[in-house]
Asker: 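Below: one structure in C-alpha cells.
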Amino acid sequence: MPIPRPDLQGDRVIAHVDMDCFYVQVEQRKQPKLRGLPTAVVQYNDWKGGALIAVSYEARKFGVKRSMRGAEAEMVCPNIQLVQVPVARGKADLNAYRSAGSEVVSILSTKGRCERASIDEVYLDLTDAAESMLSETPPEALEDIDEEALKSHVLGLIGDEDREKNVQRWFIRSDAIHQDKLLACGAIIVAHLRGEVLKETEFTCSAGIAHNKMLAKLASGMHKPAQQTIVPSSAVKDLLASLPVKKMKQLGGKLGSSLQNDLGVNTVGDLLKFSEEKLQERYGFNTGTWLWNIARGISGDEVKGRVLPKSHGCGKTFPGPRALKTTAAVESWLNQLCEELSERIQLDMDQNKRVAHTLTLHARAFKTSDVEPHKKFPSKSCPLRYGINKIQEDAKKLFDTGLREFLGSHSNAWRVTSLSISAGKILDTPRTSSISRLFQGKSLSSAISDASNDDIQDDAPSSSIGCKENIVLESDKDEVFAHGKSVKEDDAPSKDRKIDVLCTQSRKQKDKGNGSILKFFSGINTSAKHASNAPSSGSESHKGQDQRDHQEECLVDDHSRLGTISNQQRDDSWNFNAEDIDPSVIDELPPEIQREVRGWICSSKRAKTTKRGSSIFHYFSTDDNA
DNA sequence: ACGGATAAGACC
DNA sequence: TGGTCTTAT
C-alpha cells in the first residue's frame, strides 16, 4: 500500500493528529451536560442497545469497548450515557461528524501540507514551518516555550523524576542534532495547533511528531487523550524492537498474522533478521521492500496535500431476519441511499467546485437454496449523472445487472444483507483556460471574444454569440454555466431559455451527424434519448425536482459523462474520444481555441494510461499541460 | 449471521 | 479498466 521508497530525506517533520473519541466529543459539544461523564455513541439502539462506535475515556476506565453493544456497556458501566447517532432516511447519518471533522481540518491545514486520513485524523508535513522556526526563533532562544509543548512526551528520554524538567531541557538543548531541533519546533507548532483546535472547536486531540508518517501515527496513539508524543530518531530502534507487529499500521490484518505464523516475527524488530530479498520473495517486491524499511523505521510515504475525501459513499446493512428479499424492498432502500448520496455530492459541488464521475454499487447477498455457496454479489459502476432521480435510476440498473450476474442462469430465491452506493472519481471543475470558460466557466462572451480576437465587451449582456454556426450560446448571466450549479439555484425563465437553446443545438447537431464540436463546448450529450428529453421551448410547464433533474442532466451530468465510459453502457453518445473529432470542424474554430483543442487531442492520445484520464475536462483543469 | 458505515489503496 | 480484496477507524 504505502509506496516502498527509501527515506530520501530523514529530516522531514511529520505530525499525525488524531481526535480523541471524536464522535463522543461532537455529541458532548452538542450536549455539554455530558462532559466528564462516561459516554458512548451508539447507532441504532433497538437491538441490544445498539452498537458502540465511540467511547469516552471515562467510560473506557470501566472496560467499555468499541464493538460492545449498548446493553453490554451498561453492564460494566451502569452510569454510561449512550447517545445515538442521528438517523435520517432510515439510516445512520454521519454528517454532523463529517462537518465537525472539516472544522478541525480547516485549522490544522494552516501550517503545512495536510492530508485528511479519515474523518478524525490528519497528517501534517510541517518541515517548512519547523525549518523556519528553527532559523528565526529556535527553542533554545525562547525564554518561555508553549506550556502545552512542554507537556510533550519525548520517547527515549530517561529520568522518571520531574519529567517536565527533562522535556524542557530537551527542547532547549543547544547541542542537539539538527533533526531533534526540527522535531522540537514541530512539537511547538503542533501544540499550538492543538490549542487552536481546542479554542475554536472545543475538541481535544492527540498527536505524534516524528520524521515520517508511520512513526508519527504510532506516536499519536501512545499518550491519549489530549497529549502529544515526539519520536526522536535515536528512540526508533528501541521502540520498534519491542513493538508487536500487529500494532503497526497495515500489519493489523492478514499480513501481520502471516509474519507471526509463517516467519515467527512477533515484533517489528524481529523483522530485522530477514533480508530484503527474502521478504520480497515471500510477500512480493513492493511489500517486501516496505517491510524491510519499516523494520528500520524508514518510510518515504509522503503527506498528500488533500483535505477533501476522494469519494462519498453511503450504505446500510440488513442483518439476519432483516435481509431484503424483494426487488421492491431493495429499490426502496436504494432510493433512500441515493437521496443521501445525491445530497452529499451536490454539497461537495457547491462547496468545493468538484464533480463526481462514477457511481458504484456494492451489495452483499446470499441465495436461500445455496448451490454455489460463496459466490459474491459483484460490484457495478457507471458514469454518474447528477440529480436524485438519475442516481436512483442508475443505481437500480446497477443492482439489476449485479443481481442477474449473481444469480446466474438458475433463478433462485435471494436475500440482500447489505447495500451501498458511492460516488467516486471526483475531479475539480476546470476554471483556468479559455476553453473551460467557454463551456462552463466564468464568462462565456468574453471567452469567445478573447479567443476569437473580436472585441465584444466582456460584460456584454444578453448577447447571442455565433461561433461559425456550430455553436450558439447565450451569456447574459455568466454563472449559469459555472460548474453547472446555479441553474438549479435559479429558476428564472431566462435560464430555461438558455438550456433550451443548448438542447436545441444539441439536437440539430445530432441530425447533422457527428457534431462533436458542440459536445466540446456545451457538454451537451447528443444521444437520441437525451435530445428527446430536452425541454420544450415555452418551458413553464415543469417545476420542482423534475425540472431540476432535467436541467442538471443537460449540464452537469453530461459533463460527467465526458470523462468516463462504462463497460456495460457502451453508448457512443457517452463516449468522447479525441479520435472521433472531425478535423474540419476544428478548423472552423477561433485560432486560440483551435490550439487548445489540438493540444487536448494530442495529450489524450499520449495520455491513455495516466491516472488523470484524457477527457477534455481533465486536460483543461490544469494550466501546465502543453 | 456482520459491530456498521465509510474510506483509501493495491492487485490483477 | 473495473472489480475484488485488504486494512483501518
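Because the structure is predicted, anything quoted here is derived from the model rather than measured.
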Asker: It should be established whether A:Arg344 places a side-chain nitrogen or oxygen under 4.0 Å from OP1 or OP2 of nucleotide B:dA7.
Answerer: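 Yes, because at least one side-chain N or O of A:Arg344 sits under 4.0 Å from OP1 or OP2 of B:dA7.
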Asker: Phosphate oxygens OP1/OP2 of B:dA5: is one of them under 4.0 Å from a side-chain N or O of A:Tyr97?
Answerer: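 It does not, given that no N or O in the side chain of A:Tyr97 lies less than 4.0 Å from OP1 or OP2 of B:dA5.
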Asker: Choosing from B:dA5, B:dG9, C:dT4, which nucleotide comes nearest the side chain of A:Lys310?
Answerer: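 Of the options given, the side chain of A:Lys310 lies nearest B:dG9.
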Asker: Taking all heavy atoms of A:Ser275 and all of A:Trp292, pick out the closest pair and write down the distance.
Answerer: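 Closest heavy-atom pair between A:Ser275 and A:Trp292: C-CD1, 3.9 Å.
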Asker: Report the distance from atom CD of A:Gln43 to atom P of B:dA5, rounded to the nearest whole Å.
Answerer: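 Result: 5 Å.
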Asker: Can you tell me the distance, in whole Å, between the NZ atom of A:Lys65 and the C1' atom of C:dT9?
Answerer: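 Roughly 16 Å, once rounded to whole Å.
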Asker: What's A:Met248 touching, base or sugar-phosphate or nothing? Going by heavy atoms closer than 4.0 Å.
Answerer: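 It contacts sugar-phosphate atoms only.
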Asker: For A:Ser118, does its backbone N or O pair with a side-chain atom of A:Glu121 as donor and acceptor, under 3.5 Å?
Answerer: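 Side chain of A:Glu121 to backbone of A:Ser118, a donor-acceptor pair under 3.5 Å: no, none is there.
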Asker: May I ask you to decide whether A:Glu27 forms a salt bridge with A:Lys30, counting only side-chain N to carboxylate O separations under 4.0 Å?
Answerer: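 A salt bridge is present here (some side-chain N lies under 4.0 Å from a carboxylate O).
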Asker: Out of C:dT4, B:dG9, C:dA8, which nucleotide sits closest to the side chain of A:Lys249?
Answerer: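 Looking only at heavy atoms from C-beta outward on A:Lys249, the closest nucleotide is C:dA8.
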Asker: Of the candidate nucleotides B:dA5, C:dA8, B:dA7, which contains the atom at the shortest distance from the side chain of A:Ser311?
Answerer: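 The answer is B:dA7.
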Asker: Which whole number of Å gives the distance between the P atom of C:dT9 and that of B:dC2?
Answerer: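 Between the two P atoms, the distance is 22 Å.
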Asker: Pick the closest DNA chain B nucleotide for A:Thr317 and for A:Pro309 by heavy atoms, then say which residue is nearer the 5' end.
Answerer: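 Checking each residue's closest nucleotide, the 5'-ward one belongs to A:Thr317.
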Asker: Once you round it to whole Å, what is the distance between P of B:dA8 and CD1 of A:Ile119?
Answerer: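 Rounded to the whole Å, the gap is 11 Å.
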Asker: Mind calculating the distance between CG (A:Asn286) and P (C:dT6) to the nearest angstrom?
Answerer: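 Between P of C:dT6 and CG of A:Asn286: 17 Å.
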Asker: Does a nitrogen or oxygen in the side chain of A:Lys425 sit under 4.0 Å from OP1 or OP2 of B:dA8?
Answerer: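 Result: no.
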Asker: Measuring to OP1 and OP2 of B:dA8, would you say a side-chain N or O of A:Arg306 lies under 4.0 angstrom away?
Answerer: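 A:Arg306 to B:dA8 OP1/OP2: side-chain N or O found under 4.0 Å.
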Asker: A:Arg98 side chain N/O closer than 4.0 Å to the phosphate oxygens (OP1, OP2) of B:dT6?
Answerer: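 True: A:Arg98 side-chain N/O within range (under 4.0 Å) of B:dT6 OP1/OP2.
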Asker: Does a side-chain N or O of A:Ser67 approach OP1 or OP2 of B:dG4 to a distance below 4.0 Å, or not?
Answerer: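 Negative; the distance criterion is not met.
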Asker: Using a cut-off of 4.0 Å on non-hydrogen atoms, how would the nucleic acid contact of A:Lys217 be classed: base, sugar-phosphate, or nothing?
Answerer: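 Here A:Lys217 touches the backbone only, sparing every base.
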Asker: Rounded to whole angstroms, how far apart are CD on A:Glu115 and P on C:dA8?
Answerer: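 Those two atoms, CD and P, are 16 Å apart.
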Asker: Test salt bridge (charged side-chain N to carboxylate O under 4.0 Å, His left out) on A:Lys316 and A:Glu340; report intermediate values, then the result.
Answerer: CA-CA 12 Å; A:Lys316 180 165 177 64; A:Glu340 184 191 318; over 6 Å; no
Asker: We want to know whether A:Thr289 and A:Gln280 form a side-chain donor-acceptor pair, criterion being a heavy-atom distance below 3.5 angstrom.
Answerer: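 Indeed, the side chains of A:Thr289 and A:Gln280 share at least one donor-acceptor pair under 3.5 Å.
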Asker: Whole angstroms only, please: what is the CZ-P distance between A:Arg364 and B:dT6?
Answerer: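 It is 14 Å, rounded to the nearest whole Å.
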Asker: Taking the nucleotide of DNA chain B with the nearest heavy atom to each, does A:Gly315 or A:Ile53 sit closer to the 5' end?
Answerer: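 Nearest nucleotide further toward 5': that of A:Ile53.
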Asker: So if I take every side-chain heavy atom of A:Pro319 and compare against B:dT6, C:dT9, B:dC2, which nucleotide ends up nearest?
Answerer: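 Nearest nucleotide to the side chain: B:dC2.
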Asker: Measure from the side-chain N and O atoms of A:Thr229 to the backbone N and O of A:His153, and report whether any donor-acceptor pair falls under 3.5 Å.
Answerer: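 Flag not set: sc A:Thr229 to bb A:His153 has no pair under 3.5 Å.
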Asker: Taking the side chain of A:Lys380 as heavy atoms from C-beta outward, which of C:dG3, C:dT9, B:dT6 is closest to it?
Answerer: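 Of the options given, the side chain of A:Lys380 lies nearest C:dG3.
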Asker: As a test of reading the structure: which of B:dA7, C:dC5, B:dT6 is closest to the side chain of A:Lys376, going by heavy atoms?
Answerer: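 Among the listed nucleotides, the one closest to the side chain of A:Lys376 is C:dC5.
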Asker: I want to check one thing: is the phosphate of B:dG4, taken as OP1 and OP2, less than 4.0 Å away from some side-chain N or O of A:Lys48?
Answerer: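 No, outside the criterion.
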Asker: Which of these nucleotides, B:dA5, C:dT4, B:dC11, is closest to any side-chain atom of A:Thr287?
Answerer: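 Ranking B:dA5, C:dT4, B:dC11 by closest atom to the A:Thr287 side chain puts B:dC11 first.
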Asker: Considering just the side-chain nitrogens and oxygens of A:Ser381, establish if one lies under 4.0 Å of OP1 or OP2 belonging to C:dG3.
Answerer: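 Yes, A:Ser381 has a side-chain N/O under 4.0 Å of OP1/OP2 on C:dG3.
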Asker: What's the CG-P distance between A:Asp301 and B:dA8, to the nearest Å?
Answerer: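 One finds 15 Å between P of B:dA8 and CG of A:Asp301, rounded.
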Asker: May I ask you to say what A:Phe22 touches in the nucleic acid, namely base, sugar-phosphate or nothing, with a heavy-atom cut-off under 4.0 Å?
Answerer: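 Nothing, no heavy atom under 4.0 Å.
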Asker: Are A:Leu243 and A:Leu218 close enough, and set up right, to give a side-chain contact (heavy atoms from CB on, under 4.5 Å), and what steps lead you there?
Answerer: CA-CA 10 Å; A:Leu243 187 78; A:Leu218 211 49; 3.6 Å; yes
Asker: Nearest whole Å is fine: how far is B:dG3 P from A:Lys316 NZ?
Answerer: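 Checked: the NZ to P distance equals 16 Å.
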Asker: Closest approach to the side chain of A:Leu255, judged atom by atom: which nucleotide of C:dT7, B:dT6, B:dA5 is it?
Answerer: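 Per side-chain heavy atoms of A:Leu255, the pick is C:dT7.
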Asker: Measure from the side chain of A:Lys254, starting at C-beta and using heavy atoms only, and say which of B:dG4, C:dT7, B:dT6 lies closest.
Answerer: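 Nearest nucleotide to the side chain: C:dT7.
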Asker: Checking all strands, does A:Gly252 fall into the base, sugar-phosphate, or nothing category for heavy-atom contacts under 4.0 angstrom?
Answerer: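 Sugar-phosphate only.
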